[in-house]
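Report on the following structure.
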Amino acid sequence: MKIRGILLLLLLLKTGHVYCQFSEEEIDSIKLQLSIEFPDSVRLVAYNDLAYYYRRADTELSSRYLNEVEPILYQVNNDYELARFLKTKGLLAYYAFFYNEAEEYFLEALSLLGTNEKDRYLKSTIFLSLNNLYQTKSNYNKATTASIEGLKIAKNIKDYDLMSSFYNALGSIYERLQEPIKAKEYYKACYDLKDKFTSKKKKVFVQTIYGRYLVYEYMELEDSLKIQNKDQLKEAVNILNEAYEGYNDLGDSLKMITITNIIGSASEFLENYDKALNAFQKALKLYTNRNDQQGIAQSNYNIAVLYNKQKKFQLSIQYAQQALEASLISKNISLSSNAHASLSMSFEGLGDTKKGLFHHKEYRILKDSFNSIEKRKEIEEVEALYKNQLLIKDNELLQKENESKTRRNRFIVIIGLLLIGIIGFFLYNQYLKTQSERTLALKERQLHLEKENALKKEIEVKSINALINGQEKERKRIAQSLHDSMGSLLSAISMQYNSLRKNITFTSNESMARFEKISQLMQEAHQYNREVAYELMPPVLTKFGLAASINFLADKFRTSKTVILTDIYGLKERLEEELELALYRIVEESLSNAIKYADANEISIQLTEHEKELTILIEDDGKGFNYDPKNPNFGMGLNSIKSRIAFFGGSFDIDSHLGKGTTVILNVPLKFKSKI
């Protein structure tokens, strides 16, 4: 009977649920997503994750998160997230004993899922939830069907964790149906996956399940079969020893205690008293570390029984007395009764019949008291079970009644809506007749205004473009003049100066210093002339094209304080001259603004050519500003850029807020000139 009691503790290990677990850091990260204005698709996943995470610990909070999911589902067409939503609703209904409602949610969720790997994984976990539901209702046929369907999917996607859960579920079903051969077959299949798991926790779990069942099955054998099946018990002990070491590495003392008790009882039955003693002493140490007086009493009693079997009565008395003390502290009548029984046997063995008789009387008194309490508990458990069944039936009846009322109300509403619709149709038809002429007139006026606005905008864009083209042509002319005329003139002056310098003999250091100053000023003038010419018309742009000139600008504006990164994809051909120059000026002005006004520390420039379209993305981490695209007077420079890009058939967007940096996005269709 002792081994049966211990084995019942392990039923808790047999749950077949597989859930996606989140760490506290991951949950905090998910909640942070909801505090930021992410798209609905991201928020939908986050709310679903949180609802699923709290489904057991806080069903009310889980329901609140589901309430946030529902309106988003109407906006976002996502069958996968809808299936997740329905699964969580099914689990909440299951925990509330609304089993029919839970089943409907699970089945509806299954109908939404497809054949990709993510959908199949979710489908498999829903089959696992259905298995648990059907087992709870003792509908083992449906539980078996759900488990087999889920197992097929788990095998197909090679998810060993799910496979082990379904094998364990099928083993549990056949164990409850008292079909030990099939139960053992599935538990063994679960155990055989142990080397597939990277998680030690999962590995020792399947070892414990299979080892437990081997012991349980052995103890259920008839006495005549036990002797010839001792090898099965030895195998179970070896497996459970491995599981014990695994839980020891994981620091799970509760599982270690349970396993040592089973190992001890199995070893005791094999008459391997040394191993049994070692196991019970390990359990005693673990119970002592947890200050578990009931466990301490049980372990001391187990050791006392072992010593009695070996006729080591003095040692048995020592441990039985410790068991008695701990049982009194924990107020456990059953353990106190067992301790007295062991003491009675020990004193009888030593020939002290007086003490033996005393402890036997104590044992009988406590045993009768315990049996009385146990009978009351059994009656209370039966009453609780009956009340629970009544609650389940009441919930099902209430659910059916609500469904009936809902159908009746829906019918009434539909009839009412039809009547309202018919009346409304005639009224609306009359309204349309009276409004049609007005609507037509408004549309014509609106079309006329749109044409006028489009024409004004076109004229404005052409004017701005003509102005900018004129400015660029003038810049080009001045740059050419500076390079050809002023550059040549400065070169000639420099040659005359050098010639004169060779033929002059200085009478003083002061005269020489003045001459050197003139040389320095000529060099500065020459350098300034080149810089002005470069600013007006950058030669790197005219010679090498836009890509090279962007890298040139990055080098030009880069400082020890400001990091500028460039990424250029594609763009192997030259663009139209006007377009290259316009884009160059826009990038140049954006860099200048980011450094002068935004005080940026890092700037990123990306040029991407894709399907005859060029995208330029300029991002900085500067101060930012509150950009209002609807305000036509917001920044003449920005409006000028916008009009310039519109002339080339492109678009210009800015995303900026105070303290959050600025992002400039340009998109223009490309017309190529020649290979670079």
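Sequential numbering from 1 along the given sequence is applied to the chain's residues. Being a predicted model, the structure only gives us computed values, none of them experimental.
- Annotation for Q293 and S330: closest pair CB-CB, 4.0 Å, computed over non-hydrogen atoms.
- Q281 is not listed as a side-chain neighbour of K285, based on a closest heavy-atom distance of 4.5 Å or more.
- V215 has its side chain within reach of L240: a pair of non-hydrogen atoms, C-beta onward, lies under 4.5 Å apart.
- A heavy-atom distance below 4.5 Å is found between the side chains of K152 and I148.
- For S124 (side chain) and R120 (main-chain N/O), no donor-acceptor pair under 3.5 Å exists by modelled atom type.
- In this structure, the side chain of N300 engages the main chain of I296 through a donor-acceptor pair within 3.5 Å.
- The closest side-chain heavy-atom distance from S129 to K87 is below 4.5 Å.
- With respect to the salt-bridge test (charged N to carboxylate O, under 4.0 angstrom), the residues E68 and R64 do not qualify.
- Q298 and N302 are linked by a side-chain donor-acceptor pair at a separation below 3.5 angstrom, with hydrogens and angles left out of the test.
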| field | Stepwise salt bridge (charged side-chain N to carboxylate O under 4.0 Å, His left out) check, K182 with E185 | value | CA-CA 5 Å; K182 286 189 176 181; E185 175 190 340; over 6 Å; no
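- Using a 4.5 Å cut-off on side-chain heavy atoms (C-beta onward), K202 and D161 make contact.
- Partner T144 forms a side chain to side chain contact (heavy atoms under 4.5 Å, CB included) with one of N131, N139, I173 and no other, that one being I173.
- The distance from the CD1 atom of I303 to the CZ atom of F280 is 8.0 Å, given to the nearest 0.5 Å.
- For S111 (side chain) and E108 (main-chain N/O), a donor-acceptor pair under 3.5 Å exists by modelled atom type.
- Between F358 and F347, the ring center distance fails the sub-6.0 Å criterion.
- Side-chain atoms of N100 and E104 include no donor-acceptor pair closer than 3.5 Å.
- The backbone N or O of I333 lies less than 3.5 Å from no partner atom in the side chain of S337, so there is not a single donor-acceptor pair.
- A cation-pi arrangement is present between K194 and Y191 under the rule of less than 6.0 angstrom and at most 45 degrees off the ring axis.
- Note that OG1 of T208 is 10.5 Å distant from CD of E242, once rounded to the nearest 0.5 Å.
- For the residue pair Y187 and E175, a side-chain donor N or O sits within less than 3.5 Å of a side-chain acceptor on the partner.
- Remark: K118 qualifies as a cation-pi partner of Y80 under the 6.0 Å distance and 45° angle criteria applied to the six-membered ring.
- For CE of M345, the number of neighbouring non-hydrogen atoms (other residues, nucleotides, ligands) closer than 6.0 Å is 12 at most.
- At a cut-off of 3.5 Å, with distance as the only test, no side-chain donor of N272 or S267 sits close to an acceptor on the other residue.
- The shortest side-chain heavy-atom distance between S253 and N289 does not fall under the 4.5 Å cut-off.
- Side-chain atoms of N229 do not come within 3.5 Å of backbone N or O of Q232 as any donor-acceptor pair.
- The aromatic rings of Y65 and Y54 lie parallel to each other, with less than 30° between the two planes, well short of the 60° mark.
- Summarising the local packing, NZ of K230 is surrounded by more than 12 heavy atoms from other residues, nucleotides or ligands at distances under 6.0 Å.
- For the atom pair L50 CG and L66 CG, the distance stands at 10.5 Å (nearest 0.5 Å).
- Of all heavy-atom pairs between D119 and N116, the closest is N-OD1, 2.8 Å.
- Counted by atom type alone, S342 and N308 present one or more donor-acceptor pairs between their side chains at under 3.5 Å.
- Across all their heavy atoms, K201 and V204 have their closest contact at O-CG2, 3.3 Å.
- Y99 has its ring centre less than 6.0 Å from the ring centre of Y94.
- Looking only at distances, no side-chain donor or acceptor of N332 sits under 3.5 Å from a matching main-chain atom of Q294.
- Side-chain contact check for Y134 versus E103: some heavy-atom pair is nearer than 4.5 Å.
- Taking the side chain as every heavy atom from C-beta outward, I72 and N78 never approach each other to under 4.5 Å.
- Nearest heavy-atom pair, N132 versus T136, reported as atom, atom and distance to 0.1 Å: O-OG1, 2.7 Å.
- One finds the CZ atom of R55 at 10.0 Å from the OH atom of Y53 (value rounded to the nearest 0.5 Å).
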